[in-house]
Amino acid sequence: MDRLRRLHLAAAQRPFAAYLSCSDSRVPPELLFERGLGELFIVRNAGNTLCASALGSLEFAVTQLEVPLIVVMGHEACGALRAAVAVAREQRQFSGNVSKVLQSLLPAVLEADPWAPDLVDAAALCNVRKVVRELREEASPALLGPQSAGKLRVVGAYYHLDSGRVDFLDGAD
């Protein structure tokens with residue numbers, strides 16, 4: 001990146017999408033989609049949960065940066081969802097704040113098909129759908145208003161670690 005581009009970005013950012021993604025080191029949206037500085041507004045946490053910090057960050061992206069797209073991206077073999085499955089199935093316990101994160105993932109684990117070939121991956125898909133549904137139907141006016149006006153779209157995505165493929169989930173999901 002040249003000096004002129006850095007100076008341009010220092011003046012203002014204009015990302016074209018916001019991503020709520022897992023903090024897993026194997027899933028960086030900027031690298032997966034070959035995007036550079038200033039192009040994506042990234043919010044990452046374990047299990048791509050919709051905590052207050054993530055929600056506030058997405059609201060900032062929409063209201064202040066006028067981002068027209070939010071992508072909620074889960075992924076295969078998510079460690080946070082693996083831990084949430086262990087809590088649900090084995091009554092495993094985790095300490096302090098890890099436990100708080102896992103509590104927010106339990107609804108997706110309980111919603112997933114218990115007979116799925118891989119419950120962790122099924123729960124990860126359920127979690128993406130759940131977060132997308134919350135952002136589309138239960139979010140603050142800062143997010144619902146632009147969606148109603150056709151200025152904001154919220155979509156889900158699922159990243160396959162083994163192949164590098166990203167599936168975008170359709171509106172029915």
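What you see below is based on every heavy atom in this structure, not just the backbone, and it leaves out hydrogens, waters and symmetry mates.
- Distance check, rounded to the nearest 0.5 Å: CZ of Phe168 to CE of Met73 gives 8.0 Å.
- Both Val98 and Val120 belong to a common hydrophobic cluster when Ile, Leu, Val, Met, Phe, Trp and Tyr are linked at side-chain heavy-atom distances under 4.5 angstrom.
- In terms of the salt bridge (charged side-chain N to carboxylate O under 4.0 Å, His left out) criterion, Asp121 has no residue partners (sequence neighbours excluded).
- Following chains of ILVMFWY side-chain contacts shorter than 4.5 Å, one can reach Leu65 starting from Leu135, so the two form part of one hydrophobic cluster.
- The number of heavy-atom neighbours closer than 6.0 Å to CD of Glu138, taken from other residues, nucleotides and ligands shown, is above 12.
- Here the OH atom belonging to Tyr159 is positioned 10.5 Å from the OG atom belonging to Ser21, to the nearest 0.5 angstrom.
- Shown here for Asn45 and Ala54, the closest heavy-atom pair between the two residues is ND2-CB, 3.8 Å.
- Cluster membership for Val62 and Leu144, using ILVMFWY side-chain heavy atoms within less than 4.5 angstrom, is not shared.
- Under the 4.5 Å side-chain contact rule for hydrophobic residues, Val154 and Phe60 share a cluster.
- The distance from the CG atom of Leu143 to the CG atom of Leu55 is 6.0 Å, given to the nearest 0.5 Å.
- In terms of heavy-atom proximity, Ala116 sits nearest to Ala122 at CB-CB, 3.7 Å.
- The hydrophobic clustering, which links ILVMFWY residues whose side-chain heavy atoms are closer than 4.5 Å, places Val85 and Val131 apart.
- Looking at heavy atoms from C-beta onward, Val128 lies in side-chain contact with Asn48 at the 4.5 angstrom threshold.
- Contact detail for Leu50 and Leu20: the closest heavy-atom pair is CD1-CD2, 4.0 Å.
- Atom CG of Leu32 sits about 8.5 Å away from atom CD of Glu30, to the nearest 0.5 Å.
- For the pair Glu137 and Lys130, the salt-bridge criterion is not met [side-chain N within less than 4.0 Å of a carboxylate O].
- The CZ atom of Phe41 lies 7.5 Å from the CG atom of Leu58; values are rounded to the nearest 0.5 Å.
- Residues Gln93 and Ser99 bring no donor and acceptor atom of their side chains to less than 3.5 Å of each other.
- Here the CD-OG1 distance, from Gln103 to Thr49, works out to 12.0 Å after rounding to the nearest 0.5 Å.
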